[in-house]
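The sequence lines fix the lettering, A, B, ..., with proteins before strands; numbering per chain opens at 1.
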Amino acid sequence: MSVSKTVLCIEDDRFIGEMYVRSLKKAGYDVDWVVDGNDGLITARNKPYDVILLDQMLPERRGSEILEALRGGAEDLIPNSKVIVLTNFEQDDASRTEMQKHADAYLIKAEITPKKLIEIIQQLDALPPAA
Amino acid sequence: MAVDKMPRLIRDFWPVFQRGAMARIILTQIVIIGVVAAILILTNTLPITSMVLWAVIAALFVLGLVRGLMILGFSARPAKDLLTAVIHVAGEPTDKAFPNPNDKRYERNGFKVALQTIYELSGKTESIEPAPDTTQPSTNLATVATPAPTINSDSLKAALDSTNCGFVVLNHERKVTYANKAAPIHIDAENISTLSLNFNGKDTLEAWLNDCDEHAVHAEHIWTRIADRLPDEEGRRFFDVIATYDKGSTSETILTLVDRTSTYDISEQDLDFIAFAAHELRGPITVIRGYLDVLEEELDTVLQPDQHELFRRLTVSANRLSGYINNILNTSRYDRRHLKVHLAEDTLAGIYDTIKDDMELRAHAQNRLLSVNIPADLPTIAADRASISEVLGNLIDNAIKYSNEGGAINVTAAVKGDFVEVSVEDHGIGMPGNVVSNLFQKFYRSHRSRETVAGTGIGLYISKGIIESHGGNIAVRSEEGRGSTFIASLPIYSTVAAKLATGDNSNEGLIEHGNGWIKNHSMYRG
């Protein structure tokens with residue numbers, strides 16, 4: 001079975017979003033890209049993605065709110081997805097801790113390149129699903 | 001004889017000196033009358049039986065003695081007064097009165113200035129009482145014994161409470177014995193006042209007083225930009241603190257706190273601006289770094305070797321820019337006491353691996369020979385991966401900047417006590433001693449480097465902040481013209497693991513301020 005892995009990219013910056021989408025597609029991933037927080041939450045709930053790339057500073061709904069809605073409740077709504085928080089914004093520690101609790105990785109966008117991002121996705125893939 | 005014993009106190013000197021001088025006067029007088037008598041007798045001017053002879057000798061002895069003692073009294077008077085003044089200044093118990101500089105006699109003969117100088121040098125001017133005969137007010141404001149207007153202690157207290165300058169008095173046990181209203185004082189349930197000031201790093205009041213106890217009699221120290229509360233607390237104020245220490249005095253330490261909140265608060269906002277601007281800069285850098293990476297790979301086959309080199313330069317520049325932005329951000333956090341390190345068990349080699357490609361690229365692009373030798377069997381350290389890679393990046397970047405084309409840069413590591421020490425050695429231009437001592441200050445750039453090498457002057461400042469936040473230390477050895485070696489130490493994980501476990505994995509136990517955490521050891525942090 002060689003179904004390609006699915007990735008949801010929630011990113012409002014066009015340049016950055018296009019960059020990730022382009023590289024991920026080239027690497028064989030099946031990528032959906034949404035630019036605002038509301039769409040992001042709806043899309044993430046409607047389709048089981050393998051990986052969700054989540055920005056923090058988003059229109060309509062912050063990344064942290066989306067994560068809270070997906071994983072903050074009693075039931076994990078996306079048990080089979082890996083969530084990678086991607087941000088350039090320096091969050092205060094409290095909200096960052098809160099996000100890290102529900103995320104599988106937390107990265108500063110300026111510190112990584114698409115190549116590196118793909119490496120990280122592969123690393124996370126190799127890990128067993130979150131308990 | 002008193003000469004057998006060396007005088008222990010200053011006041012013991014004068015009686016000894018006086019006895020010696022009087023003995024000399026008497027002895028010389030005896031010699032004089034002996035010589036005179038001998039001349040008179042031998043020349044047969046007066047026979048030895050003559051009453052006149054004895055009368056002359058007696059008169060000569062008595063008059064000479066009186067004259068000698070008068071001259072002694074007159075000429076030794078200034079010395080005696082100076083000595084009395086010194087005795088008082090030294091704080092020796094004495095029943096002699098202070099020589100009063102306002103005494104008419106001293107005013108007339110100009111000795112007043114000498115006395116004033118002694119009192120001023122001692123800094124004890126306030127304890128000198130005006131003499132009762134000083135009726136006319138002195139015109140000289142600097143005069144030590146100008147009669148102070150009598151101040152009612154209640155009105156003085158009211159005046160001190162109405163100023164926004166804080167005054168705090170500590171006794172020799174360092175307990176607060178007085179504090180005016182403006183002073184940042186915390187009063188606990190048992191009504192004990194304590195000073196609430198958050199000093200920066202190791203330069204605390206406590207440390208300074210410890211130093212004073214050991215080494216100083218009178219001392220003064222100034223701290224700037226000291227806050228009384230943590231960053232997020234209401235009503236936070238900033239002070240410049242001036243301390244004077246006077247050993248043995250009932251008010252041993254007096255603190256004057258100048259409220260500078262309005263000045264320093266603005267710079268707080270500046271720091272917010274810096275942090276905000278830095279975030280904005282990260283967006284474009286993400287795209288530049290990302291596409292450079294993608295493009296170089298995609299164009300691999302069509303690019304000429306020299307074009308590859310251009311790509312490398314672009315990548316190196318973008319990476320450095322990204323590093324500088326992190327420095328700026330962390331500095332702004334560190335200055336606001338917001339810098340938090342998330343300590344986790346890690347290996348130095350593992351941390352270096354995250355920046356290895358970037359460092360090799362930088363060294364290669366600038367034609368330096370970077371050799372890194374971090375033994376694989378080093379013990380694990382307690383480190384914040386992102387912060388320590390920033391420090392290593394800064395040190396290697398500096399080594400590249402301040403060395404010459406083709407120069408070798410050696411990165412090595414070894415265990416030293418409870419720490420792992422990592423050294424970054426270059427064979428570049430080095431620094432003279434006066435530069436080394438200022439090196440870790442914010443915005444410090446040596447005169448020479450300002451002219452020849454670009455930089456912000458915060459790289460080493462924040463590196464020091466980060467290393468110290470880990471409980472480690474950073475130091476430098478340098479020789480002008482021969483190069484520099486920077487050495488950073490980080491605690492071995494096993495030596496601090498217990499502390500980390502009890503403190504929510506925070507580094508609170510390790511450092512004075514900052515309270516980091518780690519929630520997830522396996523969390524991937526870029």
Short N-O contact, A/Glu119 and A/Lys116, less than 4.0 angstrom: no
Do A/Lys25 and A/Asp30 meet the salt-bridge criterion of a basic N to acidic O distance under 4.0 Å? no
Taking 4.0 angstrom as the limit, do A/Asp104 and A/Arg71 come out as a salt bridge? yes
Below 4.0 angstrom, N of the basic side chain to O of the carboxylate: do B/Asp358 and B/Arg320 qualify? no
Taking 4.0 angstrom as the limit, do A/Lys82 and A/Asp125 come out as a salt bridge? no
Identify which part of B/Asn326 has an atom lying under 4.5 Å from any heavy atom of chain A, answering side chain, backbone, both or neither. side chain
With side-chain contact (heavy atoms from CB on, under 4.5 Å) as the test, pick out the partner of B/Leu460 among B/Asn327, B/Leu395, B/Val391. B/Leu395
With a strict 4.5 Å heavy-atom criterion, list every residue of residues 294-303 of chain B that contacts chain A, or say none. B/Val294, B/Glu297, B/Glu298
